[in-house]
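Counting convention: from 1, in listed order, for ligands and their atoms alike.
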Amino acid sequence: MIFIQNGRILDPKSKTDVVMDLVIDHGKIIAMESGSKPSEKDLVIDAAGLVVAPGLIDVHVHFRDPGLTYKEDIQTGALAAAKGGFTTVVCMANTKPPVDNPETLEYILSQGRKTGINVLSAAAVTVGMKGSELVNMEELKKRGAVGFTDDGMPILDASLAKRAMDEAARLNVPLSFHEEDPAFIENNGINQGIVSHQLGIGGSPALAEDVMVARDCMLALHTGAVVHIQHISSGNSVRMVRLAKNLGARIVAEVTPHHFSLDETAVLKHGTLAKMNPPLRTELDREEILHGLQDNTIDIIATDHAPHSPEEKSRPLTEAPSGIIGLETSLALGMTNLVHPGHLSLLQLIEKMSLNPARLYSLDKGCLSPGADADIVIFDPNELWTVTEFASKSSNSPFIGERLFGKIKYTICNGKIIYNSF
Ligand code: DOR
C-alpha cells in the first residue's frame, strides 16, 4: 500500500481542498482520512506542504508514432507526460500513416499499454486527413478510438463537417476541430499584425480562426454534437464560444499554456520556437482568453504537445514546422501565469487539467475519492524551478531558461509511482 500523508488534497469534483492522508492499494484509492496508520511494509510519502491532485489529463498530444519517431515516440512521449504530472493522454491522428484505419489505431493503443500511463487515441475524421471522405467512425469507435479529429488540418467542407457531427452525435463521441481557414493565411504560425509586419511576412489573421469557430459553433448547435474547439487563440473566438454555449451548443473549448502565457511578440524573442498553429496573438486576445478561463467559457487546458527536431526548427521562420512541446511545462505555466497572479484558483486550474478533460471523453477519472483509480500527481505549488531539460525526444520550447512555480514531485498511475523528482 502507498500512504500519502498530510498532503493538501484537491478534488475538483467534490470541491475538496483539505489536508489529510490518501491511501492506495491495488491501483485504487482506498481511503482519504486523517491519522492513517501505515505498517512497516507500506510505502509512505510525506506530502506535507505539497498538493495531491488527480493525475493530469491531456486531451491533445502528438506522439508522432508511427512514422515520425525521430521527433517523439509513444514511450518518450509517455515519459514526458509522467514528468509533467500527466497520467492520461489522448493522441492526435496526424501520424504517418494517419489514424484513419483500425491497424494504426491498434498499434498506438498496444504501444501505449507498454507505458506507465493511460495512452488513448483519437482517430481521424476524414480518410487520409484529406477533408473529403469520412472515415468509418462506428468501426473505429468500436476498435477503441475515443474521439475524432483531423487536428493540424481544418475541415473546410461545411457539409462534410456537418455530416461528421451528425455521425458523432449518433455515436455519442466528441469531435475535435482545428479551426483555421487557409483562405486567409499567407504564412501560418505567426499572427498577422504588428509582429508579422515588422518581420515583413504575411502571417495568419485571427479572421482565419474566427470564421471557422463561428461556423462550427452553429453546426454544433444544430446537430447537438459535442464539439471540442482545440487551441483557441483569438478573443473573438472566445466570445463566440460563450455565445454558442449560452444558446445551448455542446461546445467544449480548449486553450494551450502557450496561448494563455505568451503573445505574438514572443516570436521576436524566440523565433521558430514561438511558431505554432494557431499562432500566438495579441495581448488583448490573451486577456480575453484569461476572461474565458475565469468564466468557464474555456473548459480545458491542453498542451498540443508538438515535438519537432532541432534541424526542422532551425529552418527560416516561414519554413519551419509549427508547434512546440508542452507536457513538461504545462502545470507550471498554469501555476505561474494563472494561479499565482490570481486569475484562477488552484482548484479551478486542476479542474481544467483533470476533471473537465475526463468529462469530455466520459472517463471515470479526474477526481479523488475512495474507489477511484489511483491516478495522482503530487507537486509543490510554490517551488520555483528553471526549465532546462526534457524527457521528450524533442526540446522545441520557448520556455527553456524560464523560472516557473510548481514542481512535480511524484506522478502515480494505476497505483504505481511512474515518476519522482528525487
Ligand atoms: O502548431 C501545431 N502543430 N498545431 C497543430 O495543430 C498541429 C501541430 C503538429 O502536429 O505539429
Is any side-chain N of the basic residue among Lys275 and Glu319 closer than 4.0 Å to the acidic one's carboxylate O?
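Salt bridge: no.
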I'd like to know if Asp380 and Lys407 make a salt bridge, using a cut-off of under 4.0 Å between side-chain N and carboxylate O.
no
I need the single residue from His178, His259, His60 that forms a side-chain hydrogen bond (donor to acceptor under 3.5 Å, both in side chains) with Asp304. Which is it?
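Going through His178, His259, His60 one by one, the side-chain hydrogen bond (donor to acceptor under 3.5 Å, both in side chains) with Asp304 is satisfied by His60 alone.
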CG of Asp295: more than 12 outside heavy atoms within 6.0 angstrom?
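Result for CG/Asp295: enclosed.
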Residue that, paired with Ile350, satisfies side-chain contact (heavy atoms from CB on, under 4.5 Å) out of Asp11, Val377, Leu331:
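Only match with Ile350 under side-chain contact (heavy atoms from CB on, under 4.5 Å): Leu331.
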Does either side chain, that of Thr386 or that of Thr388, offer a donor lying less than 3.5 Å from an acceptor on the other one?
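There is no such pair (donor and acceptor under 3.5 Å, judged by atom type) between the side chains of Thr386 and Thr388.
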Using a 4.0 Å cut-off on heavy atoms, what residues surround ligand 1? Order them by chain and number.
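His62, Arg64, Asn94, Asp151, Gly152, His178, His231, Met276, Asn277, Asp304, Ala306, His308, Ser322, Gly323.
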